[in-house]
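The structure appears right after this line, and notes come after that.
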Amino acid sequence: MKEQRSRREFLGASAALVIALASEARAQGGRPRPTPACGEYGVTHPQTEGPYFKPSSPMRASLIEPGIGGTRIIVEGTVLTTDCKPVPRAILDFWQADSQGEYDNTGFRLRGHQLTDDAGRYRLESVVPGNYPGRTRHIHVNVQAPGQSVLTTQLYFPGEPGNQRDGIFDPDLVMKVRDGDGGKLATFVFVLDPAQGRRR
Ligand code: FE
């Protein structure tokens, strides 16, 4: 009897654990979160490059130029190794749709690359991209530490109705976004795993 009760208690505890893990996985988009590599930040997941990448973007941290409308956004953060060291002189090559959801495929509007500083920091000035059919709001980026492979990924916005409808949306790639003076202020920390990505 005693044995039966303790077995029931054990089973009850196991079931509670399974339910807790399942609800955590649901809260994170159906997939258990990997162990963070760096404080709260896990290794940054790769994503498809999509059809609109163009090589040889201009070197510039600000993509703002005359005629670009939409809500201004600053995205800033750090590039780290998996052991949490900043990566100076990492290349970040950003490209995105304009506020109407259009890419410039003939020129280089809303495309630009920059290097992290000595503390591994980057700072992008841009506009909030629009949605386009089939995709939720996102910014594309290729990140490459010196001598390492390229991480191709995308950054997402929190609380977007389109996030749950976008088949490749990844909750681990959502930026922290808040309202700032005259626009949005976003942050994202990249953690690069040298074993991941592809050589260029
Ligand atoms: Fe895109």
Side-chain angles (χ1 to χ4, degrees), residues 28-31 41-79 90-116 122-145 149-178 183-193 196-200:
Q28 291 161 5
R31 188 165 55 65
Y41 306 106
V43 170
T44 306
H45 297 166
Q47 289 233 298
T48 177
E49 191 168 69
Y52 301 121
F53 174 69
K54 279 179 71 172
S56 309
S57 72
M59 185 170 185
R60 55 183 177 184
S62 175
L63 308 184
I64 302 297
E65 55 186 310
I68 293 202
T71 303
R72 298 290 184 99
I73 185 168
I74 290 170
V75 184
E76 58 188 1
T78 313
V79 177
I91 299 173
L92 296 106
D93 194 356
F94 292 99
W95 73 104
Q96 63 167 89
D98 66 14
S99 60
Q100 305 301 308
E102 302 280 345
Y103 285 88
D104 178 8
N105 295 311
T106 53
F108 287 95
R109 275 163 64 98
L110 294 172
R111 298 171 186 273
H113 71 271
Q114 59 180 285
L115 296 176
T116 53
Y122 71 92
R123 185 177 192 273
L124 173 74
E125 284 182 41
S126 191
V127 291
V128 175
N131 289 302
Y132 59 91
R135 292 304 320 277
T136 190
R137 213 181 295 283
H138 62 278
I139 296 174
H140 295 266
V141 62
N142 281 335
V143 188
Q144 186 176 28
S149 53
V150 176
L151 170 72
T152 299
T153 193
Q154 304 183 29
L155 303 180
Y156 294 95
F157 290 76
E160 289 287 328
N163 285 351
Q164 300 313 320
R165 294 193 295 268
D166 186 323
I168 67 164
F169 167 75
D170 181 341
D172 287 346
L173 296 172
V174 173
M175 300 180 288
K176 289 179 181 159
V177 182
R178 64 186 199 277
K184 303 279 184 190
L185 294 172
T187 56
F188 190 85
V189 171
F190 294 92
V191 179
L192 300 184
D193 178 358
Q196 191 179 66
R198 61 198 161 79
R199 295 247 167 215
R200 266 219 168 134

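Ligands are counted one by one from 1 in listed order, and the atoms in each one are counted from 1 as well. Fair warning: this is a prediction, and the values are worked out from it, not measured in the lab. Numbering of residues begins at 1 and proceeds along the displayed sequence.
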Residues F157 and N163: closest non-hydrogen pair is O-ND2, 2.8 Å
Quick check: Y122 with H113 (ring centres under 6.0 Å apart)?
no
So how far is it from Y41 OH to T78 OG1, rounded to the nearest 0.5 Å?
8.0 Å
Could you tell me the separation between the CG atom of L155 and the CD atom of Q96, rounded to the nearest 0.5 Å?
10.0 Å
Test of understanding: with side-chain hydrogen bond (donor to acceptor under 3.5 Å, both in side chains), list the residues that count as partners of E160, not counting sequence neighbours.
R137
Run the numbers on Q154 and D170 for side-chain contact (heavy atoms from CB on, under 4.5 Å), then give the verdict.
CA-CA 9 Å; Q154 304 183 29; D170 181 341; over 6 Å; no
How many protein N, O or S atoms are found at a distance of less than 2.8 Å from the Fe ion (ligand 1)?
4
